[in-house]
There are 2 protein chains.
Amino acid sequence: MASKAIPSETQRAKLERKERAILEAARTIFVNHGFDGARMQEIARRAGIGEGTIYSYYDSKAELMLAVLQQFWDGLTLEAEDVMAAEQATDFFGRLRALAHYHLNTVIVNADFINLTFALRRNNSEVSVSRDHLRHYVAVFDRLFLRGQDRGELRADAVLWQARDIFYGSLEYSARSIEMTMEADRSTRDQQPVVDDMVALFRAHYGAHPEGEAADGTTLAALSRQIEQLTEKVDTLASRLS
Amino acid sequence: MASKAIPSETQRAKLERKERAILEAARTIFVNHGFDGARMQEIARRAGIGEGTIYSYYDSKAELMLAVLQQFWDGLTLEAEDVMAAEQATDFFGRLRALAHYHLNTVIVNADFINLTFALRRNNSEVSVSRDHLRHYVAVFDRLFLRGQDRGELRADAVLWQARDIFYGSLEYSARSIEMTMEADRSTRDQQPVVDDMVALFRAHYGAHPEGEAADGTTLAALSRQIEQLTEKVDTLASRLS
DNA sequence: AAGGCTAATTGAATAGCACTCGATATTATC
DNA sequence: GATAATATCGAGTGCTATTCAATTAGCCTT
């Protein structure tokens, strides 16, 4: 992609500065015009370089956008980790609330980037790269959840990836719903019910309820789960018989 | 778009046949190559017509794909309604299970179409149309949920759109996870835990727990009985299979 | 500091594509 | 069967990402 030889420090610094300029310009143009609407010429002009020069830094328009997205997601990951580090609550549900709040707000505010990320889901070869960055991002949730299980706050038999999908899937859809209902007003107010609901959901469905003492609902939930599984088994067997 | 005058029946039939041929060809090409990868020339060739003719049926490539997607989503909506109509269970959770099962399987099998739908989320003007079709599709869930509330099976204070986002958001993310883990094997087996989890989640989080009448022990006893019966059924069926 | 070598930069030329449009064929109407 | 209306066609148009031969800038040696 870049140079092979090792230029002097000043030269390297210059290249890096130029690369940052390209990335910065590309980000602006992509966000404003979308992938197809963005013109390489305009990106070049904004970065103060020739059109062809971009191609000695990035092989294609798609790869350039991928770099923009990577930078974006890496930033989000750091932010999310900061949020978790700064959170005073030590129990799972308090921390989950903080993460949900941060994530929902982020998804709403950076809707452009999120859309761009999914817009790139066409060229199969490149999808995988951005998938890595998503994985890296959601690892924040994974750590939190596993820690909750270790400390006995969550059911030990809960499946991590299912919980993760519920968390991020629900929040993304909710974000879209919120965006739709209020296009202009970006206050934090309306996000609160969604966050509350998410925490309550995790408490009700994944919260560990010590068996001996337990409230009523808990045991009921456990039994309900058992019923679900059995019902399913019956269906499967019945269909196999017919 | 199409003709303004009213041609004879045979002529109209001919046009409609041709339109279907275009749609059919477009669907194949779009699914195989994605939106950008699809060539109008190839679609025309496959439909057995000239390239320019497409444009007397559809104004642009995007609109052609939109037509394909509309047809797809309309079909899904009908199927989902059929699934609900055919479902024997009358209680909310049984029906929810059927819908979850259908939706998850559909999303996995038709992943191409789902991706295409989101790929089109760039041209704002056209998004709205595909949004209408999504709305129409998810109405199946809405009706089910509201009925559940009416019958007192679900908490009355639950918010419909939040529940909807949780349902479809989680299932979409789960579908992606499932796709990733097993690229070749498309058995129904692995979807079961996700469906079970979803139903259990709704039961735990949205299920109404009759506070007044039933004492703790009663409810537990009822569930326990249900489990016993189901276990018996499983045994019977299993033995009949071997 | 001059010359030579390598790497970086450039923008005009290339190529690929959606879409247009005048010409042609087909159908409808009298 | 003549004529008008409509449908079809595919070679051309215009717009862009991408390439590449020529040019420039940076660095090292003597």
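Throughout, a chain's letter reflects where its sequence line sits, starting with A, and its residues are numbered from 1.
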Taking five pairs at each end of the helix from C/dA1-D/dT30 to C/dC30-D/dG1, what angle separates the two helix axes (nearest 10°)? 0°
Using a heavy-atom cut-off of 4.0 Å across all strands, would you classify B/Ala38 as base, sugar-phosphate, or nothing? sugar-phosphate
Kindly write out the residues that satisfy ring pair (Phe, Tyr, Trp, His ring centres under 6.0 Å) with A/Tyr173, not counting sequence neighbours, or none if the list is empty. none
Starting from P on D/dA7, measure out to CD on B/Glu19 and report it in whole angstrom. 12 Å
Any residue meeting side chain to side chain contact (heavy atoms under 4.5 Å, CB included) with B/Glu79, in chain and number order, not counting sequence neighbours: B/Tyr102
Give every residue pair that meets the salt bridge (charged side-chain N to carboxylate O under 4.0 Å, His left out) criterion with at least one member in residues 136-150 of chain A, sequence neighbours excluded. A/Glu81-A/Arg143, A/Asp142-A/Arg164
Does the B/Lys61 side chain pair with the main chain of B/Ala38, one donor and one acceptor, at a distance under 3.5 Å? yes
Could you state the CZ-C1' distance from A/Arg17 to C/dT9, rounded to the nearest angstrom? 15 Å
Atom-pair distance (CZ on A/Phe35; P on D/dT16), nearest Å: 14 Å
Rounded to whole Å, please give me the gap between CE in A/Met65 and P in D/dA17. 13 Å
So salt bridge (charged side-chain N to carboxylate O under 4.0 Å, His left out) across residues 45-55 of chain A, not counting sequence neighbours, yields none
Parallel, tilted or perpendicular: which one describes the rings of B/Phe35 and B/Phe30, with boundaries at 30° and 60°? parallel
Shortest side-chain distance from A/Lys61, nucleotide among D/dT8, C/dC19, D/dA17: D/dA17
Spacing between B/Tyr57 atom OH and D/dC9 atom C1', to the nearest angstrom: 13 Å
Is A/Tyr55 near enough to C/dA8 that one of its side-chain N or O atoms lies under 4.0 angstrom from OP1 or OP2? no
From CE of A/Met40 across to C1' of D/dT19 the rounded distance in Å is 12 Å
With sequence neighbours left out, the residues meeting side chain to side chain contact (heavy atoms under 4.5 Å, CB included) with A/Val159 are A/Trp161, A/Gln162
For nucleotides 10-13 of chain C, list the nitrogen or oxygen atoms of the protein found under 3.5 Å from its nitrogen or oxygen atoms, one pair per line.
residue	atom	partner	partner atom	Å
C/dT10	OP2	A/Gly50	N	2.6
C/dT10	OP2	A/Thr53	OG1	2.4
C/dG11	N7	A/Gly52	N	3.4

With sequence neighbours excluded, residues passing salt bridge (charged side-chain N to carboxylate O under 4.0 Å, His left out) with B/Arg95: none
Looking at B/Arg39, does any N or O in its side chain come under 4.0 Å of the phosphate oxygens OP1/OP2 on C/dG16? no
Separation of C/dC17 atom P from B/Arg45 atom CZ, nearest Å, is 12 Å
For A/Glu87, enumerate each residue passing the salt bridge (charged side-chain N to carboxylate O under 4.0 Å, His left out) test, keeping only those at least two apart in sequence or located in another chain. none
How close or far is atom P of D/dT18 from atom CG of A/Asp59, stated in whole angstroms? 9 Å
